[in-house]
Amino acid sequence: MAATPGSNVQQKIAEVLEGMTFPAYMNNEESTKISTPVLTDIDSVRQWLEDLRWMTETECMTVLQGKSIQAEDGDSLPSPVRNTKEHIKMVKKRAHIITAECAKLFHKLDKERWKKVHSNALRITCTIRSLLHDISAHSPNLAIDVFQQQQVVMEECAQLIKHVESIGEINGEKPQKLPMVHSLTCLGQAFTRLIDKVLAHEVRTIVEGVADSPSAYCIKASITSLVGVAQGEPQMCHLIVKEGGVRALFTICRQDTANFVKSQALRAVATLCSVPEAIAEVEKVDGVGCLTDILCDPLTTEATRTEVAGVLAQITSPMLDHYRHVSGFIENMEDLLRGLIGLCETATSPEVFLLGSAAIANITFLDSMASEFLARYQVARVLITSSVRLKVSSIFIKDQLCTVLANVAMLEQCREDIIKCNGLTVLVGFLHEKPPYNKQTERVACERVQQKAAIALARLCKDVNTAGVVKQLKGLHRLVELCRKPKERNYSDSVLVACLATLRKLATVCGEDEFSQEDLIQLVQPRLIDSYLICSSLQESFV
């Protein structure tokens, strides 16, 4: 019997189905004739299952990377501390703008420019309101006295606007200037008091972060903010000291567990000590004793000892207007000098040597007893050899070195040390420093180097041999040159006087035969004042 087309198709389908495999979920009792192997029997599936254990979904990783890591309790820095520096800058900047606008309004009132008074007053009051809004938004927990002062400022703003609005109501008569001037004055005073209170509140937040932070990260961030706020800002230094900043910093310096932040805290102290209130606070907390302990501790790192030297150099600087003896120095002077000399002797960089030598130089002005300690610990040898080892070229380092050598040259033991350590060569070399530096501070430092080098040589030349060495080093020739060529000494009268005095000392020790006739007549034989007038005379035009 011939096969029909439909039966042929069915037969072909049955053959194809017999050669195919189906997933397990299609297995049932009615299809037992179909071959259905297990999925794990297939090599590719088995490998995929093995790899799946070590695979990570990309989407999951993306989500995880976008999530912040949960900080431990106390390690998260409070937002008031984190943003205080920027907020203080903002407040001061905008307060300065408002003050300038008030000054302009005063000028317009004085000139009776009534058309512009109204718009300027509105601009000032709107700017003040905007600043007060931003202050409250940044610091919602302001003290009650700050809120009360804000209300006073707002009332003064309203009073000023009331006076200004009355300008247009006057018919045929000039507006009354005095009430508006009085109102603007009261507003300015109230606004100034408000800004002071706001800044004090922000500073208090920083100081509390230094004193009470539970973690190292918070303390470091708070000290960084404190230094940033105080840098070059005497007003902010006053506020920080008033809020207990110096006391909080020394509390950290006394903690054995705070070694990680001592250098930073000491740098903050040095920054604050640009104002007299900070130095007075250092005395109250026995800061000198704390600095001595840190400096003389053999476990203290060079970086921390360098910061101690920086604080000492700052609070003993004779350049300060409020220069005064700080209590605690006399009692700790020997230990301080020993520690500073050791720091200079082992200094690994010119910067370290500069701070150490600056502190030593300043202390030599405090008491004559300092020179005796310096002689005991051979300061001349240490400073000269260390300066040669470090190959110092900074004029500021040379200034400190000259200061120390000139001050200790009065002692016989120190004079011998200076001469033995080739100090005469160093000092004559300092006489040859050239004034044309790029910055004014460098030119002034160069003048001090020349002056102090001349003074040191005058104190060293006690005998013919020493004076002869100075002459062989061409020191005599350079001294005459500095007297006769004002440009070589940057037209400094102090350098001129020091060089004239040294020339007269050399003439006394060596005899006048070492000088030319002209030098004798003009530089040595006349009275000092007459030689000074000869060398400092200038050609003046009275046209």
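Residues take their numbers from the sequence shown, with the count starting at 1.
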Sidechain N-carboxylate O distance under 4.0 Å for Asp335, Arg338: yes

- prompt: Does the pair Arg254 and Asp286 meet the rule for a side chain to side chain contact (heavy atoms under 4.5 Å, CB included), with working shown?
  reply: CA-CA 11 Å; Arg254 286 189 169 94; Asp286 189 25; 3.8 Å; yes

field: Minimum heavy-atom distance Leu401-Ser387, with the two atoms named
entry: CD2-OG, 3.9 Å

Nearest heavy atoms of Ser263 and Glu307, plus distance in Å: O-CG, 3.6 Å

statement: For Gln159 and Ser183, the nearest pair of non-hydrogen atoms, with its separation, is C-OG, 3.7 Å

field: Stepwise side chain to side chain contact (heavy atoms under 4.5 Å, CB included) check, Phe106 with Asp110
entry: CA-CA 6 Å; Phe106 269 119; Asp110 184 53; over 6 Å; no

field: Leu383 side chain reached by Phe353 side chain, heavy atoms, under 4.5 Å
entry: yes

query: If you take all heavy atoms of Ala313 and Leu355, which pair is closest and at what distance?
result: CB-O, 4.5 Å

message: Please evaluate residues Val153 and Arg193 with respect to the criterion side chain to side chain contact (heavy atoms under 4.5 Å, CB included), reporting the C-alpha separation (whole Å), side-chain torsions for both, the decisive distance (0.1 Å), and the verdict.
response: CA-CA 9 Å; Val153 171; Arg193 287 193 293 269; over 6 Å; no

query: For Ala190, does its backbone N or O pair with a side-chain atom of Gln149 as donor and acceptor, under 3.5 Å?
result: yes

query: Which atom names give the shortest non-hydrogen contact between Val449 and Cys402, and what distance separates them?
result: O-SG, 3.8 Å

- line: Partner of Arg94 under side-chain hydrogen bond (donor to acceptor under 3.5 Å, both in side chains), picked from Thr99, Thr127, Asp134, is Asp134

query: Is a side-chain donor or acceptor of Arg489 paired with a backbone partner of Leu482 at a separation under 3.5 angstrom?
result: yes

task: Would you kindly say whether Ser492 and Gln451 are connected by a side-chain donor-acceptor distance under 3.5 Å?
output: no

- prompt: Any chance the side chains of Arg267 and Gln264 put a donor and an acceptor closer than 3.5 Å?
  reply: no

query: Would you say the side chains of Ser494 and Glu447 form a donor-acceptor pair under 3.5 Å?
result: no

query: Testing Arg448, Gln450, Lys398 for side-chain hydrogen bond (donor to acceptor under 3.5 Å, both in side chains) with Glu433, which one passes?
result: Lys398

query: Could you go step by step and tell me if Leu366 and Ile363 meet the side chain to side chain contact (heavy atoms under 4.5 Å, CB included) rule?
result: CA-CA 5 Å; Leu366 291 178; Ile363 293 176; 4.3 Å; yes

message: Quick check: closest heavy atoms across Gly356 and Cys344, and the distance to 0.1 Å?
response: C-SG, 3.5 Å

field: Within-4.5 Å side-chain heavy-atom neighbours: Gln150 and Leu142
entry: yes

query: Does any donor atom in the side chain of Ser274 or Gln314 lie under 3.5 Å from an acceptor atom in the other side chain?
result: no

message: Under a 3.5 Å cutoff, is there a donor and acceptor pairing between the side chains of Lys452 and Thr403?
response: yes

message: Donor-acceptor pair, distance only, cut-off 3.5 Å: does the side chain of Thr300 make one with the backbone of Ile294?
response: yes

